[in-house]
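We count ligands from 1, going down the list as the structure has it; atoms in each ligand are counted the same way. Computed from a predicted structure; not experimentally measured.
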Amino acid sequence: MRSKLTKAIFPVAGLGTRFLPATKSVPKEIMTLVDRPLVQYAIDEARAAGIKEFIFVTSRGKGALEDYFDEAPQLERELRKKGKDELLEILKSTNMDSGEIAYTRQNKALGLGHAVWCARRLIGNEPFAVILPDDVIAAEKPCLQQMAEAFRETGGNMVAAMEVPEDKASAYGMLDIKEDHGHMVSTKGMVEKPAPGEQPSNLAVIGRYILTPTVLQKLNKKKTGAGGEIQLTDAIDAARDSGEEVYGFRFDGQRFDCGSKAGFLQATVAFALERAELRDELWDYIYDLVHTAKAAE
Ligand code: G1P
C-alpha cells in the first residue's frame with residue numbers, strides 16, 4: 001500500500017533581505033497579509049491536505065515564528081474576560097498541538113535543497129510535502145489538497161506548475177514536458193533557473209511539492225547547482241533519472257509571489273477584497289484612485 005502523506009517541510013530559514021528593514025527584527029514569514037502571517041496561510045493549506053506533522057527549517061532570528069505557534073494564555077484570558085469570543089476562536093485556531101510541530105535548523109544558507117535535506121531525519125522513509133510560504137495560492141480547494149488528491153492516484157513525485165512568460169522563466173525551476181495531460185504533465189527533465197531562452201517549456205515549478213524519500217538520498221550528495229546553491233530541483237530530477245516519475249500539476253488557483261514586494265502588495269489587495277468587512281471601503285478607495293489618475297492623464 002502507498003504510504004500516506006502526513007508530513008510537510010516548511011523552509012523558513014531565508015533572511016528576507018528583499019523586505020529590509022522590516023525583516024531586520026521580524027521574520028519574513030510573520031509579515032501579514034491583511035491580519036494573518038504568511039506562515040498561517042501555509043499551515044492552513046497543509047492541514048487541508050491532511051498533513052499532521054509540520055516541520056520548520058529555521059535559522060537564527062526566527063524566534064518570533066516559534067512563539068507565534070504557542071498558546072497565549074494571558075491574551076486568551078483577556079479576550080474571554082472582555083467577551084471577545086470571535087477573536088478568541090481565531091486566536092485559538094492558530095495554536096499548534098504539542099508534538100505536531102518540529103523545528104530543525106539550517107546552520108548555513110546553502111540553498112533550498114540543503115534546507116529540505118536538513119529535515120531528513122524527521123521525514124524518514126515516507127513521502128512528504130514541501131511548502132514555500134512565499135508562494136501564496138488563493139484557491140477554492142487549497143493547492144496542496146488538489147495535489148494530494150492527484151498523488152493518491154499517481155504516486156511518484158509531484159510539483160505544482162504554472163505557465164510563466166518567457167522573460168520570467170530564468171527565475172524558476174522549469175519543466176521539460178514528456179506528455180501533457182492537461183492538469184497533469186509527466187516530465188523528462190527539470191532545469192533550475194535556466195539562462196534566458198534556454199527553458200525547455202514555459203511551465204514553471206511553484207512552491208508546492210510532494211516528494212519521495214529518494215529525493216532526500218539525492219540531496220545527500222550535496223551537489224551544488226544554479227547560483228552555487230544545493231537545489232531541490234536538481235535532486236528531484238536526479239530521482240527521475242533513477243527511474244521515478246516526476247509530474248507537474250497545473251493547479252486551479254491564483255499564485256502570488258510574496259517573496260517580492262509587488263507580489264506581496266497584490267496578495268494583500270486580493271485577500272482584503274475577499275473580506276466582507278473590508279471590501280466596500282477598499283474598493284471605493286481603489287476606484288477613486290484609478291479615476292483620479294485617469295482624470296489627470
Ligand atoms: C524556488 C525554487 C524554484 C521554484 C521557485 C518557486 O526558487 O528553487 O525551482 O520555481 O522557488 O517560487 P526561489 O524563488 O527560492 O529562488
**OP:** Give yes or no for whether the N/O distance cutoff of 3.5 Å, strictly under, is met between Gly173 and ligand 1.
**Re:** yes
Original post:
What is the closest protein heavy atom to atom 13 (P) of ligand 1, and at what distance does it sit?
Top reply: Lys193 NZ, 3.6 Å
Original post:
Any chance the side chains of Glu244 and Thr214 put a donor and an acceptor closer than 3.5 Å?
Top reply: yes
Original post:
Counting both backbone and side chain atoms, is some N or O of Val205 under 3.5 Å from an N or O of ligand 1?
Top reply: yes
Original post:
Does the protein put any heavy atom within less than 4.0 Å of atom 15 (O) of ligand 1?
Top reply: no
Original post:
Do ligand 1 and Tyr172 have nitrogen or oxygen atoms that lie under 3.5 Å from each other?
Top reply: no
Original post:
Should Phe251 and Met147 count as side-chain neighbours, where that means a heavy-atom distance under 4.5 Å?
Top reply: no
Original post:
For atom 12 (O) of ligand 1, what's the nearest protein heavy atom and its distance?
Top reply: Asp135 OD2, 2.7 Å
Original post:
Among side-chain atoms of Tyr68 and Gln40, is any donor-acceptor pair under 3.5 angstrom?
Top reply: yes
Original post:
Which residue owns the protein heavy atom closest to atom 9 (O) of ligand 1, what's the atom, and how far is it?
Top reply: Glu192 OE1, 2.6 Å
Original post:
Is there side-chain contact between Thr187 and Ile177, with at least one heavy-atom pair below 4.5 Å?
Top reply: no
Subject >> Residue pair His114 / Glu229, side-chain donor-acceptor N/O under 3.5 Å >> reply: no
Original post:
Quick one: which ligand 1 atoms are inside 4.0 Å of a heavy atom on Arg255?
Top reply: 12 (O)
Original post:
Atoms of ligand 1 less than 4.0 Å from Thr233 heavy atoms?
Top reply: 9 (O)
Original post:
What protein heavy atom is closest to atom 11 (O) of ligand 1, reported as residue, atom name and distance in Å?
Top reply: Leu132 CD1, 3.5 Å
